[in-house]
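Below is one structure, written out as structure tokens; the observations come after it.
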Amino acid sequence: MSTLYLFASAAEPVFDVARVIEEAQADGWDVCLGLTPTAARWLAGSLDGLAVLTGHPVRWDYRLPGEPDVWPAASAVLVAPATFGTVNQWALGIADKFVVGVAAEGIGKGIPMVTVPCVNAAHARHPQFERSVETLRGAGVSVLYGEGGFVPHEPGQGDAALFPWRLALDAVRERVAVG
């Protein structure tokens with residue numbers, strides 16, 4: 001069975017992560033869930049259940065030196081929803097967060113990667129954001145953003161139900177098939 005690292009940031013679609021894990025499992029993935037610290041705080045009451053659902057501990061922090069890695073190696077990585085901060089930190093190589101560090105290292109390891117930013121239009125207009133999207137694309141990450149992916153909304157106007165989770169899972173499958 002192939003292993004999918006599902007890395008989620010603190011954006012409203014993260015509240016659908018259990019359903020997404022189940023969809024990924026139905027697609028044949030062994031899912032390991034990683035969260036940014038804020039996303040872990042948002043889902044604090046669900047972390048034990050999510051660990052049972054995946055069969056792996058939910059992680060949001062680096063392991064200590066000498067501790068064994070509790071997850072199998074990744075066959076693919078999906079970073080979604082990826083907030084403004086996560087996208088920019090990843091593109092800039094600022095790896096103080098577990099999920100960003102593993103995703104940054106994954107580029108160097110050649111692991112198939114997909115990300116779906118989840119930002120409002122005000123964040124999207126910041127000059128660094130577009131540079132970060134282009135940096136990730138240039139590094140081989142499939143960034144589902146803009147036409148055919150996530151389209152930014154005005155601040156306070158987003159609808160988490162419209163987040164393209166199925167598109168993201170399909171894109172991961174396609175990336176793995178292509179290699």
Side-chain angles (χ1 to χ4, degrees), residues 1 3-27 29-106 111 113-120 122-124 129 132 141 144-145 150 152-153 155-169 172:
M1 181 177 289
T3 302
L4 174 65
Y5 286 8
L6 173 57
F7 290 159
S9 303
E12 197 172 347
V14 77
F15 292 111
D16 287 332
V17 76
R19 179 186 57 78
V20 175
I21 290 167
E22 290 171 339
E23 283 187 37
Q25 290 169 331
D27 290 348
W29 292 102
D30 177 23
V31 181
C32 295
L33 178 63
L35 302 168
T36 62
T38 302
R41 194 170 73 242
W42 285 12
L43 297 176
S46 304
L47 296 176
D48 290 341
L50 290 167
V52 169
L53 179 61
T54 63
H56 303 284
V58 178
R59 295 184 62 193
W60 59 89
D61 205 358
Y62 288 104
R63 61 185 167 88
L64 296 175
E67 286 184 341
D69 196 344
V70 295
W71 284 358
S75 306
V77 175
L78 171 59
V79 183
T83 60
F84 177 78
T86 295
V87 170
N88 288 322
Q89 289 174 345
W90 186 10
L92 294 169
I94 300 170
D96 60 331
K97 292 181 181 78
F98 167 73
V99 297
V100 175
V102 174
E105 186 177 51
I111 298 170
M113 298 196 161
V114 174
T115 188
V116 185
C118 185
V119 298
N120 67 41
H123 280 137
F129 185 73
S132 293
V141 178
L144 306 181
Y145 174 74
F150 180 84
H153 49 79
Q157 302 300 311
D159 183 352
L162 299 178
F163 191 76
W165 283 114
R166 184 72 253 165
L167 179 69
L169 291 172
V172 170

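- With values rounded to the nearest 0.5 angstrom, Phe98 atom CZ is found 8.0 Å from Tyr62 atom OH.
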Does the pair Tyr145 and Phe129 meet the rule for a ring-ring contact (aromatic ring centres under 6.0 Å, His included), with working shown? CA-CA 11 Å; Tyr145 174 74; Phe129 185 73; 5.3 Å; yes
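- Between the CG atom of Leu169 and the CD atom of Glu23 there is a distance of 6.0 Å, given to the nearest 0.5 Å.
- Separating the CZ atom in Arg41 from the CG atom in Leu35 is a distance of 12.0 Å, to the nearest 0.5 Å.
- Glu67 contributes a side-chain N or O that, together with a main-chain N or O of Leu64, makes up a donor-acceptor pair within less than 3.5 Å.
- In this structure a side-chain-to-backbone donor-acceptor pair under 3.5 Å is present from Ser75 to Thr3.
- Residues Val100 and Thr86 share a closest heavy-atom pair of CG2-CG2, 4.1 Å.
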Step by step, would you call Trp42 with Val14 a side-chain contact (heavy atoms from CB on, under 4.5 Å)? CA-CA 9 Å; Trp42 285 12; Val14 77; 3.8 Å; yes
Quick one, Gln89 with Asp96, criterion side-chain contact (heavy atoms from CB on, under 4.5 Å). Give me CA distance, side-chain angles, the key distance, then yes/no. CA-CA 9 Å; Gln89 289 174 345; Asp96 60 331; 4.2 Å; yes
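- Shortest non-hydrogen contact noted between His56 and Cys32 is CD2-SG, 3.6 Å.
- Scanning all heavy atoms of the two residues, the minimum distance from Leu53 to Gln25 falls at O-NE2, 2.9 Å.
- A donor-acceptor pair under 3.5 Å is absent between the side-chain atoms of Asp27 and the main chain of Trp29, judged by distance alone.
- Pairing each heavy atom of Pro13 with each of Pro81, the nearest pair is CB-CG, 4.1 Å.
- Using a 4.5 Å heavy-atom cutoff, the side chains of Pro164 and Val116 are in contact.
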In sequence, state the C-alpha distance, the side-chain angles, and the governing distance for Tyr5 and Val102, and then conclude on side-chain contact (heavy atoms from CB on, under 4.5 Å). CA-CA 10 Å; Tyr5 286 8; Val102 174; 4.1 Å; yes
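- Between the OG1 atom in Thr36 and the CH2 atom in Trp60 there is a gap of 11.5 Å [rounded to 0.5 Å].
- Closest non-hydrogen pair, Ala103 versus Val79, comes out as CB-CG2, 4.2 Å.
- Atom SG of Cys118 is separated from atom CZ of Phe150 by 4.0 Å, given to the nearest 0.5 angstrom.
- Taking 4.5 Å as the limit, some side-chain heavy atom of Val17 sits within range of a side-chain heavy atom of Leu33.
- In this structure, Val70 and Arg59 have side chains that are in contact, with non-hydrogen atoms separated by less than 4.5 Å.
- In plain terms, the two heavy atoms of Val77 and Phe7 that are nearest each other are CG1-CD1, 3.8 Å.
- In summary, of the residues considered (Leu6, Leu78, Leu167), a side chain to side chain contact (heavy atoms under 4.5 Å, CB included) with Val172 occurs for Leu78 alone.
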Ser9 vs Phe84, test: side-chain contact (heavy atoms from CB on, under 4.5 Å). Steps then yes/no. CA-CA 9 Å; Ser9 303; Phe84 177 78; over 6 Å; no
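- A heavy-atom distance below 4.5 Å is found between the side chains of Thr115 and Trp90.
- To the nearest 0.5 angstrom, Leu43 atom CG is 11.0 Å from Thr38 atom OG1.
- Between the side chain of Asn120 and the backbone N or O of His123 there is at least one donor-acceptor pair closer than 3.5 Å.
- You'll find the side chain of Ser46 stays beyond 4.5 Å of the side chain of Phe15, heavy atoms only.
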